[in-house]
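Notes follow the structure.
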2 protein chains.
Amino acid sequence: MSRPNDSRRPLTLRDVSEASGVSEMTVSRVLRNRGDVSDATREKVLHAAKTLGYVPNKIAGALASQRVNLVAVIIPSLSNLVFPKVLSAISDELEDTGLQPVVGVTNYSPEKEEQVLYEMLSWRPSGVIIAGLEHTPAARAMLENAGIPVVEIMDVDGEGVDSVVGISHRRAGLHMAEAIIAAGYRRIGFLGTKMPEDHRARKRLEGFKEGLAKAGIELADTEFYAGGSALAKGREMTEAMLKRTPDLDFLYYSNDMIGAGGLLWCRDNGIDVPGKVGLAGFNGLELLEGLSVQLATMDACRGEIGKKAAQIIAGRSQSGMIGGEVIELEPVLEPGETIRKT
Amino acid sequence: MSRPNDSRRPLTLRDVSEASGVSEMTVSRVLRNRGDVSDATREKVLHAAKTLGYVPNKIAGALASQRVNLVAVIIPSLSNLVFPKVLSAISDELEDTGLQPVVGVTNYSPEKEEQVLYEMLSWRPSGVIIAGLEHTPAARAMLENAGIPVVEIMDVDGEGVDSVVGISHRRAGLHMAEAIIAAGYRRIGFLGTKMPEDHRARKRLEGFKEGLAKAGIELADTEFYAGGSALAKGREMTEAMLKRTPDLDFLYYSNDMIGAGGLLWCRDNGIDVPGKVGLAGFNGLELLEGLSVQLATMDACRGEIGKKAAQIIAGRSQSGMIGGEVIELEPVLEPGETIRKT
DNA sequence: GCACCATATGTTAGCGATAACGGCGACCGG
DNA sequence: CCGGTCGCCGTTATCGCTAACATATGGTGC
């Protein structure tokens with residue numbers, strides 16, 4: 001019993017059926033809990049399967065039944081901290097539905113996204129959850145023709161293929177601008193990533209500028225980075241920008257991590273926050289909750305987005321397909337302690 | 001051409017073969033770049049496939065060829081920061097091998113691990129990379145009988161099923177103890193997670209105690225936490241411990257994140273680090289590189305582990321199976337600025 | 001006693017691809 | 001001019017499982 005499968009020939013339903021003296025079909029029924037099987041045979045079959053160490057072959061099963069319990073989840077990055085959160089929300093929500101997420105990572109490259117999507121669709125998943133609304137034409141075509149529910153997440157500023165769950169990054173940027181101006185700041189700098197393919201960061205910046213423009217203000221300075229440790233980059237960029245443009249009174253960071261770096265640098269260098277300079281980031285990373293001073297940020301509703309997306313997929317794979325829906329969530333400003341109270 | 005598959009009937013090889021006037025077999029050959037096909041027919045087929053928007057069905061392909069290009073990767077958590085790093089290393093290394101990682105998460109639960117493993121094995125992957133050496137008997141049996149290469153990663157303190165790549169956490173703890181004692185610290189506290197199933201953390205603590213014992217020292221205080229933001233927990237626990245046992249001169253944290261929290265608390269409260277109290281964590285998170293003061297830590301070789309594990313799987317799925325190998329990597333102490341120089 | 005139904009099991013025919021082998025010109029050397 | 005080889009492509013038989021239908025078997029009602 002220690003090594004029940006010595007022959008090295010992969011076990012099949014037939015092995016189990018022979019070992020338990022019933023037909024393959026009955027074994028299949030027992031293993032899937034489908035159809036009527038007497039308790040006696042059920043016992044026999046389960047016992048045989050366990051002692052043999054049988055593991056069903058879902059490949060064959062899926063081919064025969066034309067059903068696959070996988071949901072493709074396609075995201076730009078795992079090191080971003082944003083996506084693991086979304087992922088675990090999806091995973092939790094799918095837990096009891098029999099569906100299983102399968103993750104693909106694109107590294108913010110549209111071509112890689114197309115490749116990954118192709119690869120995943122070739123396994124005929126029950127649904128696709130994919131970050132962003134911007135895809136290559138080919139990728140978009142695949143999504144449209146796949147004949148399965150598709151949920152595009154994170155962003156609602158644009159045209160979706162099917163369902164969409166996210167926030168408006170444009171408006172998130174705009175609201176942040178309004179809050180900053182309301183607090184009395186006027187000389188404002190922006191620090192972000194140099195990633196043309198990060199459309200959400202771009203939209204936030206656009207919205208932010210728009211918000212400033214409404215008050216007749218322009219960005220006083222900007223600085224971009226690529227690669228490296230975000231915390232360290234935040235320090236460097238903050239130092240560089242404040243040296244270059246000393247009269248700045250606010251720094252808006254495109255993510256919390258570089259914002260935290262900037263905050264640490266300010267504290268280390270005796271700069272009064274939020275008195276002399278105000279700071280704000282974006283995302284609401286609870287990772288940073290233990291910082292000495294709470295950075296102002298805006299919650300991106302990551303958990304909620306994952307949850308809703310998973311619900312849509314689960315709902316639609318049960319009941320027949322219905323039309324796509326668009327769910328826009330509201331990011332909430334968390335003022336923290338790095339914006340002056342008015 | 002905007003929606004080539006209006007009939008909603010899934011496309012098959014047959015559709016492509018009819019559209020291009022050749023047999024299914026030839027289409028299959030073209031799409032897989034295998035066997036001899038004339039350039040003329042190759043063109044025809046590729047054109048037909050593209051205009052139809054055909055996506056191959058790997059389920060059928062895998063069943064027929066008995067080959068699957070997936071590698072199961074089973075890890076305890078995605079929010080731990082440790083595993084995304086390993087994952088991306090695996091992903092990068094597998095990039096050009098035609099193999100594709102599929103991730104499963106266990107939440108540090110052995111039962112969940114068993115479930116996830118069962119689920120993944122039922123897709124007949126080409127290999128398994130799984131964190132840790134401790135599994136349920138059933139899980140271990142599955143791994144032994146799967147007939148595919150298995151690599152257990154992160155930890156080498158124990159008996160592996162097949163190949164093993166990792167570090168000795170016991171010795172990592174032991175070395176840290178030695179370094180701390182060599183630096184002259186004597187009243188030492190430990191702060192860690194309350195997770196009986198995190199065997200690696202447990203082994204580190206055991207090794208650490210052993211190292212202290214060699215110098216005739218015992219842990220002066222310990223504190224454990226579960227859940228919550230690690231940074232914030234690090235602050236809280238540090239405060240609690242230093243209030244309870246004020247004469248401590250060193251705090252060893254089971255991970256960098258709570259260590260960083262402790263470090264921030266000490267700085268905020270004017271405690272001289274490393275003069276009055278020394279600090280050390282574990283992992284070598286480059287996430288923290290931008291901290292004002294570099295925390296002493298020990299690199300867990302996460303990237304290297306992922307890379308080597310992927311290489312083993314890739315190598316063995318090409319050439320026939322060979323025996324399992326054990327690769328032990330050496331974690332390196334990064335003294336940072338939170339241990340007194342001797 | 002017989003039609004009738006529910007329960008429990010077996011039989012048959014695919015699912016959509018690929019492995020293995022076979023056929024058929026073309027080309028080549030002797 | 002003929003056997004042999006090579007390039008190209010088709011035919012057939014699975015792969016391991018499940019949907020759908022067929023088949024016992026044993027009550028149940030009238």
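Lettering follows sequence order; numbering is per chain, from 1. What's counted below: heavy atoms across the whole structure, side chains too, no hydrogens, waters or symmetry copies.
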Between the protein and nucleotides 23-25 of chain D, are there any N/O to N/O pairs under 3.5 Å, and if so, what are the atom names and distances?
none

(request) Could you name each residue pair satisfying side chain to side chain donor-acceptor pair (under 3.5 Å) that touches residues 16-31 of chain A, not counting sequence neighbours? (result)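 Counting only pairs at least two positions apart or across chains, the side chain to side chain donor-acceptor pair (under 3.5 Å) contacts touching residues 16-31 of chain A are A/Arg14-A/Glu18, A/Arg14-A/Glu24, A/Ser23-A/Thr26, A/Ser28-A/Arg32.
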(message) With side chain to side chain donor-acceptor pair (under 3.5 Å) as the rule and sequence neighbours excluded, what pairs involving residues 89-102 of chain A come up?
(response)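 Only A/Glu93-A/Gln311 qualify under side chain to side chain donor-acceptor pair (under 3.5 Å).
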Distances under 3.5 Å between nitrogen or oxygen atoms of protein and nucleotides 14-16 of chain D:
from, atom 1, to, atom 2, distance (Å)
D/dC15, O3', B/Gln66, NE2, 2.9
D/dC15, O2, B/Leu63, O, 3.4
D/dC15, O2, B/Ala64, N, 3.2
D/dG16, OP1, B/Gln66, NE2, 3.2
D/dG16, N2, A/Ala60, O, 3.2

(request) Mind listing the residues from residues 20-32 of chain A sitting with a heavy atom below 4.0 Å of DNA chain C? Number order is fine. (result)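 Close to the strand are A/Val22, A/Ser23, A/Met25, A/Thr26, A/Arg29.
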(message) Does anything in residues 71-91 of chain A form a salt bridge (charged side-chain N to carboxylate O under 4.0 Å, His left out)? List the pairs, not counting sequence neighbours.
(response)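 Every salt bridge (charged side-chain N to carboxylate O under 4.0 Å, His left out) pair that includes a residue of residues 71-91 of chain A, provided the two are not neighbours, is A/Lys85-A/Glu286.
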(request) Return each pair, listed once, that meets salt bridge (charged side-chain N to carboxylate O under 4.0 Å, His left out) where at least one residue sits in residues 61-82 of chain A; pairs must be two or more places apart or across chains. (result)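 Qualifying pairs: none.
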Listed by chain and number, what are the salt bridge (charged side-chain N to carboxylate O under 4.0 Å, His left out) partners of [X], not counting sequence neighbours?
| X | result |
| --- | --- |
| A/Arg200 | none |
| A/Asp198 | none |
| A/Glu304 | A/Lys308 |
| A/Glu119 | B/Lys58 |

Show me the donor-acceptor pairs, under 3.5 Å and distance only, between side chains in residues 146-156 of chain A and residues at least two apart or in other chains.
from, atom 1, to, atom 2, distance (Å)
A/Glu152, OE1, A/Val161, N, 2.6
A/Glu152, OE2, A/His135, NE2, 2.8
A/Asp155, OD1, A/Asp157, N, 2.9
A/Asp155, OD2, A/Lys203, NZ, 2.4

